[in-house]
Each structure stands twice: as C-alpha cells, then as structure tokens.
Asks: 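Below is the structure I would like to discuss, written out as structure tokens.
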Amino acid sequence: MAAEQNPETPQELSHIDAQGRARMVDVGDKDVSERRAVAEGRVLIQPETLDLIRNSELKKGDVLATAEIAGVMAAKRTHELVPLCHPLMLNTVLVELALVDEPPSVAIRAEVRCTGKTGVEMEALTAVSVAGLTVYDMAKAVDRGMRIDAIRLREKDGGRSGSVRLG
C-alpha cells in the first residue's frame with residue numbers, strides 16, 4: 001500500500017536529472033536530524049520446515065540468529081549494494097525474526113536509526129531482504145518451495161517529510 005500523495009503537489013523522481021540520467025541526490029542542503037525506518041517481510045515455508053527451524057534441526061545451524069546477523073550486516077552495506085544510496089553512519093540496526101504458525105512462516109522486522117541528512121528506509125528494507133535470503137539459503141535443502149514475501153516499509157521518521165506510517 002503506497003503512502004498517500006497530495007494531488008496538488010507534483011512528485012519528481014529525485015534520482016533522475018533533467019536529461020533523464022540517474023544521479024545521486026545532493027543532500028548538502030538538508031538539515032541533520034534523527035532518522036528512523038522500520039521494514040518488515042516474511043518467508044513462507046512448509047510446516048515441517050517451521051518445525052525444523054524451531055527445533056534447531058537444520059544442518060546449517062541456527063537459522064534465526066544467522067539471519068538476524070546477516071540483516072544487520074546488510075543494512076551497514078546498503079550503499080555498496082544499491083547504486084545511488086549514500087553511505088551512512090548508522091546508530092543502530094535491530095533485526096528480529098520470529099516463527100509464525102499460521103501461515104507457516106518466518107516474520108522479519110528491521111529497525112534502523114541514524115543521525116544524518118538522509119533517511120534509512122533503504123537500509124531497513126535491505127536488512128529484511130537479506131535476512132529473508134539467509135533463511136532461504138539455510139533451509140533450501142529441505143524446502144525448495146519457500147517464498148520471500150511482503151517486504152515493505154512500515155514506518156519512517158525524520159527529515160523533511162516527517163513521520164510516515166504505512167498499513
């Protein structure tokens with residue numbers, strides 16, 4: 001679900017210049033502020049896979065702990081993965097995974113904070129994505145039908161646009 005846009009305010013693509021070329025956004029004139037973003041997603045799995053993860057019976061080890069660390073590492077390296085993202089000094093990255101019985105899945109939530117001139121939405125989304133990929137990698141030997149699903153931004157705070165809450 002997209003955030004509501006004001007129809008009277010034309011929206012510009014901030015990463016496109018007047019000639020249509022990709023560009024990094026100039027944040028030099030922006031004020032430094034507290035920035036926060038929360039993203040979430042899930043990995044849909046078979047009930048048997050859920051039991052294997054719950055009982056720490058997968059050969060590759062502790063799926064949840066490994067995926068949480070992978071998510072933190074990914075958030076810190078987002079600028080290396082997404083071409084036009086600024087490198088940021090993150091204050092904190094919290095990645096949490098939880099097992100869900102119905103539908104059988106691993107829920108993923110990431111919260112990222114920094115004090116800076118640009119937001120941390122991409123870092124939160126990258127953390128969730130890589131945590132999901134890690135779950136998939138660690139369980140693929142027993143469940144080839146897993147699906148990484150519903151990755152989305154839920155909240156953001158700070159900057160010119162202020163606070164945004166998405167459903």
Asks: Do L97 and L52 share a hydrophobic cluster, counting only Ile, Leu, Val, Met, Phe, Trp and Tyr and linking them when any side-chain heavy atoms are less than 4.5 Å apart?
Replies: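 The answer is yes; both residues are in one hydrophobic cluster.
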Asks: State yes or no: do V63 and L133 share one hydrophobic cluster built from I, L, V, M, F, W and Y residues joined by side-chain heavy-atom distances below 4.5 Å, directly or via other members?
Replies: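 Same hydrophobic cluster.
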Asks: Please give me the minimum heavy-atom distance between M146 and Y136, naming the atom from each residue.
Replies: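 The answer is CE-O, 3.3 Å.
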Asks: For S163 and D157, work out which heavy atoms get closest and say how close.
Replies: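 For S163 and D157, the tightest heavy-atom pair comes out as OG-OD1, 2.6 Å.
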Asks: For I45, is there any backbone N or O sitting under 3.5 Å from a side-chain donor or acceptor partner on T49?
Replies: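 Not a single qualifying donor-acceptor pair exists.
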Asks: Between I53 and V106, is there a side-chain heavy-atom distance shorter than 4.5 Å?
Replies: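 Result yes, sub-4.5 Å side-chain heavy-atom pair found.
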Asks: Under 4.0 Å between a Lys/Arg side-chain N and an Asp/Glu carboxylate O for R160 and D29?
Replies: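 Salt bridge flag = no for D29 with R160.
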Asks: Assess whether side chain to side chain contact (heavy atoms under 4.5 Å, CB included) is satisfied between K76 and V112, documenting all intermediate values.
Replies: CA-CA 10 Å; K76 292 169 29 175; V112 180; over 6 Å; no
Asks: Indicate every side-chain donor-acceptor pair of residues 121-131 with a distance under 3.5 Å to a residue at least two apart or in another chain.
Replies:
{"residue": "T126", "atom": "OG1", "partner": "M122", "partner atom": "O", "Å": "2.7"}
{"residue": "S129", "atom": "OG", "partner": "L125", "partner atom": "O", "Å": "2.9"}

Asks: Would you find more than 12 non-hydrogen atoms of other residues, nucleotides or ligands less than 6.0 Å from R54 atom CZ?
Replies: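 Yes.
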Asks: Between K156 and R165, what is the shortest heavy-atom contact and its length?
Replies: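 Closest approach of K156 to R165, heavy atoms only: O-NH1, 3.4 Å.
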Asks: Testing the basics here: between T134 and A67, what is the closest heavy-atom pair and its distance to 0.1 Å?
Replies: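 Between these two residues, the closest heavy atoms are CG2-CA, 3.7 Å.
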Asks: Within the side chain of T78, is there an N or O that forms a donor-acceptor pair under 3.5 Å with the backbone of A74?
Replies: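 Indeed, once roles are kept as given, a pair shorter than 3.5 Å links the two residues.
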Asks: Do K140 and D137 sit within salt-bridge range, that is, some charged N less than 4.0 Å from a carboxylate O?
Replies: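 Here K140 pairs with D137 in a salt bridge, since their nearest N and O are under 4.0 Å apart.
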Asks: What's the separation between atom CG in L50 and atom CD in Q46, rounded to the nearest 0.5 Å?
Replies: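 Here the interatomic distance stands at 10.5 Å.
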Asks: Classify the side-chain pair S33/K117 by whether it contains a donor and acceptor separated by less than 3.5 Å.
Replies: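 Looking only at side-chain atoms, K117 and S33 do not form any donor-acceptor pair under 3.5 Å.
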Asks: Find out if a path of hydrophobic residues (ILVMFWY) with successive side-chain heavy-atom gaps under 4.5 Å connects I148 to V142.
Replies: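 They do share one cluster, since a chain of ILVMFWY contacts under 4.5 Å joins I148 to V142.
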Asks: Could you see if V38 belongs to whatever hydrophobic cluster contains V72? Use Ile, Leu, Val, Met, Phe, Trp, Tyr and a side-chain cutoff under 4.5 Å.
Replies: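 No: no chain of side-chain contacts under 4.5 Å links V38 to V72.
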Asks: Return the minimal non-hydrogen interatomic distance between R154 and E40, and the atom names on each side.
Replies: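 Residues R154 and E40, closest heavy atoms: NH1-OE2, 2.7 Å.
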Asks: Is there a path of hydrophobic side-chain contacts, each under 4.5 Å between heavy atoms, that joins L58 and L64?
Replies: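 L58 clusters together with L64.
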Asks: Which pairs of donor and acceptor atoms, one on a side chain in residues 83-94, lie under 3.5 Å apart (sequence neighbours left out)?
Replies:
{"residue": "H86", "atom": "NE2", "partner": "V25", "partner atom": "O", "Å": "2.9"}
{"residue": "N91", "atom": "ND2", "partner": "T115", "partner atom": "OG1", "Å": "3.0"}

Asks: Donor-acceptor pair, distance only, cut-off 3.5 Å: does the side chain of R36 make one with the backbone of R113?
Replies: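 No, because the side chain of R36 does not come within donor-acceptor range (under 3.5 Å) of the backbone of R113.
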Asks: Indicate yes or no: does R109 engage E96 in a salt bridge with an N to O separation below 4.0 Å.
Replies: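 Salt bridge present between R109 and E96.
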Asks: Considering non-hydrogen atoms only, spot the tightest contact between P103 and R42 and give its length.
Replies: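 It is CG-NH1, 3.9 Å.
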